[in-house]
Amino acid sequence: MAKNSFFYFFAFFTLFLCKNSCRATEEIKVYELKKGDFSVKITNYGATVLSVILPDKNGKLDDVVLGYDSIDDYKNDTTYFGGLIGRVANRIGGAKFELNGVEYKLPANDHGNTLHGGSKGFSSVIWTVEDFEEDSHLTLTYNSFDGEQGFPGNLSVEVTYMFIETNKLALIMQAKPHNNATPVNLASHSYWNLGGHNSGDILSQTIQIFGSKITPVNDKLIPNGEITRVKGTGFDFLQPRTIGSKLSEIPGGYDINYVLDNTEGRHLQRVAIVQESKSGRKMELWTNKPGVQFYTSNMLDNVKGKGGFVYSKYAALCLETQGFPDSVNHPNFPSQIVNPGETYKHIMVYRFTAS
């Protein structure tokens, strides 16, 4: 009798797990924001941007972000295509930090360091859809628990993707700690190619970055704590030039945090302007954060993406506005610590045109 009871309990428990697993899978959906020829698809898996479709100067529509055809491919992804990164984007040196006298150890998922929130960051969890209007906005939330990926305290997170006027896309990211101080550094990790996701490399596209300084890194891409000027170096994009024009001076490609110049003292500062000559598309970006990671998809190595197109090195660029990498271990960098009662807020605004 005891053996039968155990069997029925085990069968019920297995069914319970299966049903919950199936329910979680069923909750993953795709949402489309659409206004005229401008459309954006987002999934609540990782609050991930799946596509951004824009007209070129002749009205031809193209998808200008890299990605996959299947949500399952995003689950096995190591590129972070389009993901909402957190609790702390970018790298934390030595996979640890100290806060209020306590040392916190994190997953070492990148050469002994922590990358993009650990082995299962916010881009790898299912978010809850709070509000959705097709021609306006999508709001998603996630409740991060105390100790998740080693970080202290419960944290409520919210991101809204929102159309502004006819050609602007805004991202508003917010986070509120409940019971402990915690570092927070959210970022959007879309891979942009204004010629179209399947148009080849981005080396002939022009970029201007409104940052006169960078935070130099070691061979593991961890900042050494210095802040240096870019003028006259291969990192100097203060004036527009093609991305590939000084690539020979940057072994392996660009993957560096720029310190943005808030010369006008405004709430939102200009980050960058990217232009692609054949399509005539131009993307401008503003933020309220002090840095931007400029990354030229150096790690892409024949990744099979949308429509079977194979993405190779330099197939796209990322402009990840952010706090500085490894700020938790560099007191001279702007702090990323958010205390209970405070609200973290990160704003990005893109403007797209074609001429």
Side-chain angles (χ1 to χ4, degrees), residues 80 85-119 121 149-153 175 177 180-189 209-238 246 249-263 269 271-272 287-296 298-299 318-339 342 344 346:
Y80 302 93
I85 309 299
R87 180 176 302 197
V88 175
N90 217 304
R91 291 171 173 84
I92 295 177
K96 61 183 179 181
F97 67 94
E98 187 175 304
L99 178 59
N100 296 330
V102 178
E103 182 179 85
Y104 294 93
K105 295 183 178 180
L106 314 172
N109 62 324
D110 185 66
H111 306 291
N113 307 300
T114 300
L115 175 64
H116 291 335
S119 52
Q149 297 297 296
F151 291 100
N180 288 94
T182 183
V184 181
N185 186 32
L186 306 180
S188 177
H189 208 304
I209 300 175
F210 296 89
S212 59
K213 300 173 185 176
I214 57 170
T215 51
V217 294
N218 63 21
D219 61 349
K220 297 293 189 294
L221 299 176
I222 302 299
N224 60 19
E226 298 176 2
I227 297 175
T228 61
R229 295 190 175 275
V230 301
K231 191 170 180 61
T233 73
F235 293 104
D236 185 351
F237 287 99
L238 291 169
K246 292 187 178 181
E249 299 179 29
I250 313 295
Y254 293 93
D255 194 0
I256 196 73
N257 174 63
Y258 282 78
V259 179
L260 296 173
D261 300 326
N262 192 359
T263 54
Q269 58 207 34
V271 177
T287 191
N288 66 332
K289 286 298 161 185
V292 61
Q293 189 81 11
F294 176 46
Y295 174 55
T296 48
N298 316 321
M299 303 297 181
C318 300
L319 290 166
E320 306 156 63
T321 56
Q322 60 180 3
F324 298 175
D326 199 30
S327 284
V328 289
N329 292 312
H330 296 285
N332 59 315
F333 287 178
S335 175
Q336 294 174 2
I337 304 303
V338 186
N339 295 294
E342 299 175 343
Y344 165 95
H346 180 180

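The analysis underlying the following values was restricted to heavy atoms, covering all of them including side chains, and did not include hydrogens, waters or symmetry mates.
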Return the NZ to CD1 distance between K105 and I92, rounded to the nearest 0.5 Å.
15.0 Å
Approximate separation, where rounding is to 0.5 Å, of D255 CG and T296 OG1:
7.5 Å
Which heavy-atom pair separates D236 from K231 by the least distance, and what is that distance?
OD2-CA, 3.3 Å
Donor-acceptor pair, distance only, cut-off 3.5 Å: does the side chain of R87 make one with the backbone of P152?
yes
Less than 4.5 Å apart, side chain to side chain, heavy atoms only: is that true for P223 and F324?
no
Exercise: identify the closest heavy-atom pair between A181 and I337
CB-CG2, 4.0 Å
Quickly, which of T215, N257, N90 forms a side chain to side chain donor-acceptor pair (under 3.5 Å) with Q293? Name it, please.
N90
Would the distance check show the side chain of Q149 and the main-chain N or O of S119 forming a donor-acceptor pair, the cut-off being under 3.5 Å?
yes
Mind checking whether H346 and Y344 have parallel, tilted or perpendicular rings, split at 30° and 60°?
perpendicular
In Å, rounded to the nearest 0.5 Å, how long is the span from CZ of F151 to CG of N180?
13.5 Å
Tightest non-hydrogen contact, residues G150 and Y104, listed as O-CD2, 3.7 Å
Do V328 and V88 have side chains that get closer than 4.5 Å, going by heavy atoms?
no
Within a strict 4.5 Å, meaning less than it, do heavy atoms of the C318 and H189 side chains meet?
yes
Is there side-chain contact between T287 and V292, with heavy atoms separated by less than 4.5 Å?
no
What orientation do Y254 and F294 show, parallel under 30°, tilted 30 to 60°, or perpendicular over 60°?
tilted
In Å and rounded to the nearest 0.5 Å, what is the NZ to CG distance from K220 to D110?
9.5 Å
Please report the closest heavy-atom contact between E98 and G101, naming both atoms and the distance.
OE2-CA, 3.9 Å
Sub-4.5 Å side-chain heavy-atom contact between T233 and I214
no
Should the heavy atoms of other residues, nucleotides or ligands under 6.0 Å from NZ of K213 be counted, would the total exceed 12?
no
What's the separation between atom CD1 in I85 and atom CG in L186, rounded to the nearest 0.5 Å?
9.5 Å
Determine whether V271 and F210 satisfy the following criterion, side chain to side chain contact (heavy atoms under 4.5 Å, CB included), listing intermediate values before the conclusion.
CA-CA 5 Å; V271 177; F210 296 89; 5.9 Å; no
Between N329 and D326, a side-chain donor and acceptor under 3.5 Å:
yes
CD1 on I256 to CG on L221, rounded to 0.5 Å
7.5 Å
G225 versus F333, closest heavy-atom pair with distance
O-CE2, 3.7 Å
For the aromatic rings, using the six-membered ring if either is Trp, is the centroid distance between Y295 and Y80 under 6.0 Å?
no
For a side chain to side chain contact (heavy atoms under 4.5 Å, CB included) check, start with the C-alpha distance between N109 and T114, then their side-chain angles and the critical distance, and finish with the verdict.
CA-CA 5 Å; N109 62 324; T114 300; 4.0 Å; yes
Which heavy atom of A187 sits nearest a heavy atom of A89, and at what distance?
CB-CB, 3.6 Å
For the pair N185 (side chain) and G323 (backbone), establish whether a donor and an acceptor sit closer than 3.5 Å, ignoring hydrogens and angles.
yes
Do any N or O atoms from the side chain of Q269 and from the backbone of K289 form a donor-acceptor pair under 3.5 angstrom?
yes
